[in-house]
Amino acid sequence: MADNSSDKLSPGTRLVTAGRKPEWTGTPPEPGSVVNPPVWRASTHLYPDSKALKQGKPNEDGHFYYGRRGAPTQWALADALTALEPGATGTMLYPSGVAAIAGALLAVLRPGDVLLMTDNAYEPSRIMGRGLLKDFGIETRWFDPTDAAAFEAATCDRTRAVLLESPGSLTLEVQDVPALAATARTRGATVVLDNTWAGPLGFPALQRGADITVMSLTKHVGGHSDLMLGSASAGADYYGKLRRTAQALGQVVSPDDASLALRGLRTMGVRLKHETASALALAEWLATRPEVARVLSPMLPGSPGHDVWTRDFTGGCGLFSFVFKGKDAGARDAFIDALGLFGIGYSWGGFESLVTPVDPAGLRTASAWPLPGMDPADRFGVRLSIGLEDPDDLMADLVAGLAAWNAA
Ligand SMILES: *Cc1c(COP(=O)(O)O)cnc(C)c1O
């Protein structure tokens, strides 16, 4: 459980203090004697005698009982994430972001239920809807992320949960989460938000209407491209459901990964600030380039969704996409291959910049690609994850990439 006194602190300060309970950062008689919760590698709790074993607390947070319930290193990470999420009672940890999405959806959906999923959702979320959930008798229906009326029309008596992702991590459409959540609530449906893009510093999800907020900690929290983890945070009702489901599925994360994630968390605020400023500068510059048809970023003034973004978000990140003016996938690939500072690879949110191709056409069923208002010839894009390099160096790299696109 998070320390309520932390609610008074600003998020930047909470990033420093969260999860560092004295009993997790030292042992009697010197609690709090080290800065970071040590890595507790432990499966087994040893009891002094049979009576103590019988009095063990098998299923209470914060009591070491058996390794699958975690140990102080994992508790410290969960506690820190709870402290950063206004309105959260608790956080469950998962071995990946996808496992967190599965953990949240399986906590609230049962056979016969309908899940409404935003059409810009992360591809493995779509695959989960078509595969695992379908096999369990749960029907997934997709809706246009920016069409609130279509969303309302898509709800029905069997709608039990909604999966939102705002902005979508490929095409970056922002959703009106408070409005969609209000509609979902009239249907008694649980609102699950994949909040990996903004995280709690940029979008206080539970305050904006989500019931469960999910993150891939692999991205901004880890921040160094060296771990896989996920989380789901919620208020009291849903935290209980998340916990029961995660325990039933045997979910547990390694203390080493939890420790790395705690280390990443401490610097997440300054990293995000730097990455957001660089991304905005590069997005503004790209929007002026003749090779670029559309920059996809709600942070960019004048972009679709910018009004909702300024209304609802308190911060951004370094992830955005852009679409080339005409040409083909080959020219786009020439752009990618000409880059020197951007690594070519999946994932994002690390300290190093990355680029990936964006071809969402085959990934949408309820909304158009290219987006409304775009020329149908402008279909090939890239996604950039802006890291901590100097933005001038990144811009010079992008100039070289655009030259290769022009030559292709
Ligand atoms: C990466 C990602 C995930 C999945 O996270 P993993 O840790 O890679 O399993 C989920 N949602 C979004 C938006 C992502 O970008």
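Atoms within each ligand, like the ligands themselves, are counted from 1 in listed order. For clarity, every value in this text was computed on a predicted model and none was experimentally measured.
Protein heavy atom closest to atom 3 (C) of ligand 1, with residue, atom name and distance, is Tyr122 CE2, 3.3 Å. Nearest protein heavy-atom contact of atom 5 (O) of ligand 1 is Ser216 OG, 2.9 Å. Nearest protein neighbour of atom 6 (P) of ligand 1, counting heavy atoms only, is Gly97 N, 3.3 Å. From the protein, the heavy atom lying nearest to atom 8 (O) of ligand 1 is Met228 CE, 3.5 Å. Of the protein's heavy atoms, Lys219 NZ, 1.4 Å lies nearest to atom 1 (C) of ligand 1.
The side-chain contact (heavy atoms from CB on, under 4.5 Å) check on Ala338 picks up Ala404, with sequence neighbours excluded.
Of the N and O atoms on the side chains of Arg364 and Thr171, at least one donor lies less than 3.5 Å from an acceptor on the other residue. Donor-acceptor pairing under 3.5 Å is lacking for the side chains of Ser259 and Asn36. A donor atom on one side chain and an acceptor atom on the other are found under 3.5 Å apart for Glu389 and Ser353. Thr13 and Ser10 share a side-chain donor-acceptor pair at under 3.5 Å.
For ligand 1, the atoms sitting less than 4.0 Å from at least one non-hydrogen atom of Glu165 are 13 (C), numbered in the order shown with element in parentheses.
At least one N or O atom of Trp348 sits closer than 3.5 Å to an N or O atom of ligand 1.
Here Asp79 does not pair with Arg20 in a salt bridge; the nearest charged N to carboxylate O distance is not below 4.0 Å. With salt bridges taken as basic N to acidic carboxylate O contacts below 4.0 Å, one links Asp157 and Arg187.
Around atom 12 (C) of ligand 1, the closest heavy atom drawn from Val98, Asp194, Asn195, Thr218 belongs to Asp194.
Assignment of Tyr346 to the shell around ligand 1 is not supported, since no heavy atom sits closer than 4.0 Å.
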